[in-house]
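The structure appears below as structure tokens.
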Amino acid sequence: MKLNPGQNEAVHYVSGPCLVLAGAGSGKTRVIINKIAYLVEKCGYKARNIAAVTFTNKAAREMKERVAQSMGRKDARGLWISTFHTLGLEIIKREHKVLGLKAGFSLFDDQDTFALLKELTEDELDEDKDLIKSLASAISNWKGGLVIPQQAKNMAKDEQSQLFAMLYQRYAQHMKSYNALDFDDLILIPTLLLRMNEEVRTRWQTKIQYLLVDEYQDTNTSQYELVKLLVGERSRFTVVGDDDQSIYSWRGAKPQNLVLLGTDYPRLKLIKLEQNYRSSQRILRAANILIANNPHVYDKALFSELAYGEPIRILIAANEEQEAERVVAEIIRHKFVGRTKFGDYAILYRGNHQSRLLERALITNRIPYKISGGKSFFSRAEIKDIMGYLRLVVNPDDDNAFLRVVNLPKRGIGPATLERLGHFANQKHISLFEAIFDVELNHHLAPAAVNSLYQFGTFIVDTGEVATRGEPVEAIKQLIRKINYEDYLYETSTSAKAAEMRMKNISELYRWVTEMLEGDELDEPMTLPEVVTRLTLRDMMERNSEDEGGDQVQLMTLHASKGLEYPFVFMVGVEERILPHQSSIDEENVDEERRLAYVGITRAQRELWFVICRERRQFGETIRCEPSRFLLELPQDDLIWENRKPVQTEQQRVETGKSHIANLRDMFKKES
DNA sequence: CAATATCTCCTTTTT
DNA sequence: GGAGATATTG
């Protein structure tokens, strides 16, 4: 396929820093892929000296695959295509000596982090969930903004932030003694390292000679800085982004980085991609009109040369059960009429919990579906159990992992025993695991308890030895067998069927681990510690969802839909307090929700439905729902509201003396 | 003291 | 409708 002039320019401009403003569906991925190929084939770069950073593992995976197809597997080998987090992990891994980190560090996911914070702040925060959560996000913000604990303390003005800064410091100390890192560390640590250590900086600047960054509007301060440090003086890079698709500011993303880049690099070349190849003109028009309500830094005029297309429909359901049924019925009808595939349909929603009823409706109608993101594979108890074991084997100082698995299956080690063990370990400033082997433990615990603990500890050590001896696959096999995990599942599950399901999940995990340990044509073999950290980044899960690509209706959150496209898209729950979400209305941050709606709309290629309810059950009470303000902002002549004359004429407007929008609101109220 | 049964809270988005 | 804390039993 030929590139249009803008795309062409973006691909061939390689002499300096380059910013590509790429509207939705304007072929930005194609630009990146072509550019990588161009750099290797025409500019003399070696694959191993080019890095491309994407926002999700899935996107990285896809890009790797597409690049490999376009330039041949051999040439593509060695390219660094990953997320920021995986790149950071790689840097940490290779520089762990300089950093003074032990090789087998644990990667804490946010649940681990939460558990640790809860533990550490019992006295100060009194187990208050909301407080702990805001502490967690404060810490995450600090880390994302490159603020270390000492600086946080210095900057703290009020009492609350002083307390939080102090707890941040305590958290950091404990993470260190657990030999653990959290997600934010994966960016923070490499950035600080590159900033302070010239030798390391030079090494990485030599290694990565050209850097490409996708979804640039989602970078936060530390990622911005990391990019800057990696590209150095040469500043050979291309970043691609779209401020209208910035939907992650709640976790520190700074779309202003798009502007900042212009001041930091005066020679920055700005290229706009404005032709949309994805959506019908009508869908694009709706999206453009909606997003025009937001402020803009760079003006952008997206256009499409595709057909004008079908009207956008708004389905109105009495309640949330009906909402799900309506969607499913419409898919069945539409598929029958249009002879389409289930895989052509996507259902998008604001929050993960909204998927439940949809799932149920799909199941009862025997429609195959795939639900991505959300309550993932990795939050299943059985997976967390086995991962807990693996983490402990790799890094015995990981107290979180220890606590998860020490009495699983039951080994007669109850809370009382653990309480004492914890107290003892705390006094001696050692990990729980080390405490087991301390001779003085006898003075604090009954012999039976000490013995159970000792047995457990020895078991972990033994497994670790098998793994390091070069037989990690064998070690995992033994592990699952020796803890009688299968029996445990059958005993604890409510039905044999459920146990079977869980065991299947375990086999799946086992398969992935084995694959990663052994490597394949695109990926090098990994060590067990690497596998464990990579799985925590949910790397494998997303890879898997691809080859499972049967003919299935796709369900996902609006956030998860970014970067994807589907011929037919349903957006459900497009109501006030859901699609602008209540909290964003309270915080007066509706613009970001509008961008979220914009992202959803621009996923659609051919047809688009919005679905709303008149009322919905929210924990016991039924509450009335109002259509989202975004629906009222759309061009009404492109919409068909169900059971209703679509458009108010100019005459009606004059007669009633009310605005278009007020009238629509009235109509909705009368009917419900 | 450990294992199981009941009751409560809360539900934005994710690397 | 699910996880986590509390009440009850073995």
Side-chain angles (χ1 to χ4, degrees), chain A residues 53-60 82-89 107-111 113-115 118 127-130 133 136-137 140 143-144 181-188 215 218-220 222-223 246-253 320 348-357 359-360 372-376 378-381 384 407-420 446 448-449 452 491-492 533-534 536-539 541-542 556-562 573 577-587 589 592-593 595-597 599-600 616-620:
Chain A
V53 178
T54 61
F55 192 63
T56 64
N57 287 305
K58 185 177 182 177
S82 69
T83 61
F84 267 112
H85 294 267
T86 309
L87 177 64
L89 179 63
L107 186 55
F108 274 26
D109 65 20
D110 35 358
Q111 286 179 50
T113 299
F114 185 84
K118 191 171 158 194
E127 307 226 321
D128 181 328
K129 264 191 187 165
D130 292 337
K133 270 193 189 143
S137 79
S140 181
K143 290 192 174 188
L181 304 178
D182 62 26
F183 282 168
D184 298 312
D185 287 331
L186 296 181
I187 315 292
L188 175 70
E215 306 284 12
D218 290 327
T219 54
N220 62 23
S222 60
Q223 290 165 336
S246 159
I247 52 176
Y248 285 100
S249 69
W250 50 273
R251 67 170 214 216
E320 56 200 319
L348 310 181
Y349 36 80
R350 176 68 233 257
N352 283 304
H353 61 279
Q354 291 175 271
S355 68
R356 259 197 6 255
L357 290 167
E359 270 190 273
R360 195 156 74 190
S372 56
K375 47 143 188 67
S376 71
F378 285 89
S379 59
R380 289 169 194 276
K384 292 223 114 182
N407 200 29
L408 188 149
K410 304 273 181 287
R411 293 188 179 89
I413 302 171
T417 309
L418 290 174
E419 178 71 30
R420 282 183 209 151
S452 314
E491 278 160 30
T492 53
T533 46
R534 288 294 272 267
T536 310
L537 277 174
R538 290 154 171 71
D539 204 351
M541 188 185 77
E542 282 153 341
M556 69 196 85
T557 62
L558 287 161
H559 282 89
S561 76
K562 192 163 67 147
R577 359 168 128 220
I578 298 185
L579 193 40
H581 192 270
Q582 183 63 53
S583 48
S584 61
I585 297 174
D586 297 340
E587 292 159 32
N589 189 22
E592 177 139 321
E593 300 283 306
R595 289 193 289 269
L596 199 50
V599 166
R616 133 186 338 264
R617 296 191 84 75
Q618 195 174 65
F619 135 89

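Throughout, protein chains are lettered first and strands after them, A, B, ... in sequence-line order, and every chain is numbered starting at 1.
For A:Asp185, the side chain to side chain donor-acceptor pair (under 3.5 Å) criterion is met by A:Lys143, not counting sequence neighbours. Applying the side chain to side chain contact (heavy atoms under 4.5 Å, CB included) test to A:Thr417 and every residue at least two apart in sequence or in another chain returns A:Ile413, A:Leu445, A:Ala449, A:Leu453. Take A:Thr83 and apply the side chain to side chain donor-acceptor pair (under 3.5 Å) test, not counting sequence neighbours, and it matches A:Thr86. Remark: A:Lys118 pairs with A:Phe114, A:Glu127, A:Ile132 by the side chain to side chain contact (heavy atoms under 4.5 Å, CB included) rule, at least two apart or across chains. In terms of the side chain to side chain donor-acceptor pair (under 3.5 Å) criterion, residue partners of A:Glu592 (sequence neighbours excluded) are, by chain and number, A:Ser249, A:Arg595. Scored by the side chain to side chain contact (heavy atoms under 4.5 Å, CB included) test, A:Ser583 finds A:His581, A:Glu587 as partners (sequence neighbours excluded). Looking at residues two or more places apart in sequence or on another chain, you find a salt bridge (Lys or Arg N to Asp or Glu O under 4.0 Å) between A:Asp218 and A:Lys562. For A:Phe183, the ring pair (Phe, Tyr, Trp, His ring centres under 6.0 Å) test picks out no residue, with sequence neighbours left out. Judged as a side chain to side chain contact (heavy atoms under 4.5 Å, CB included), and not counting sequence neighbours, the contacts of A:Ser561 are A:Leu348, A:Met556, A:Val599, A:Arg603.
Not a single donor-acceptor contact under 3.5 angstrom links the side-chain atoms of A:Thr83 to the base of B:dT15.
Backbone-only contact: A:Phe55 has heavy atoms under 4.0 Å from sugar-phosphate atoms and none from a base. Across all strands, A:Arg616 comes closer than 4.0 Å to no nucleic acid atom at all (heavy-atom distances).
Look at NE2 on A:His581: it is 12 Å from P on B:dT14, rounded to the nearest Å. A straight line from CD of A:Gln223 to P of B:dT14 spans 16 Å, rounded to a whole angstrom. As a whole-Å value, the separation of A:Ile187 CD1 from B:dT14 C1' is 13 Å. Taking atom CG on A:Asp109 and atom P on B:dT15, their separation rounds to 12 Å, with Å as the unit. B:dT11 atom P lies 16 Å from atom CD of A:Gln354, rounded to whole Å. The CZ-C1' distance, from A:Phe114 to B:dC9, rounds to 12 Å in whole Å. The CD atom of A:Glu320 sits 10 Å away from the P atom of C:dG1 (whole-angstrom rounding). Here the C1' atom of nucleotide B:dT15 and the CG atom of A:Asp182 are 11 Å apart, to the nearest Å.
For the pair A:Arg360 and C:dG1, the criterion of a side-chain N or O lying under 4.0 Å from OP1 or OP2 is met. The side chain of A:Lys133 contributes an N or O atom lying less than 4.0 Å from OP1 or OP2 of B:dT11. For B:dT13, the OP1/OP2 oxygens have a side-chain nitrogen or oxygen of A:Asn352 closer than 4.0 Å.
The shortest side-chain heavy-atom distance between A:Glu215 and A:Thr54 does not fall under the 4.5 Å cut-off.
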Where do N or O atoms of nucleotides 7-10 of chain C meet protein N or O atoms at under 3.5 Å, pair by pair?
none

Pairs: protein N or O with nucleotides 2-8 of chain B N or O, under 3.5 Å:
unit_1, atom_1, unit_2, atom_2, d
B:dA2, OP1, A:Gly414, N, 3.4
B:dA2, OP1, A:Thr417, OG1, 3.2
B:dA3, OP2, A:Asn407, ND2, 3.3

Sort me out a list of protein N/O and nucleotides 4-6 of chain C N/O pairs below 3.5 Å, or just none if empty.
unit_1, atom_1, unit_2, atom_2, d
C:dA5, OP1, A:Lys118, NZ, 2.3

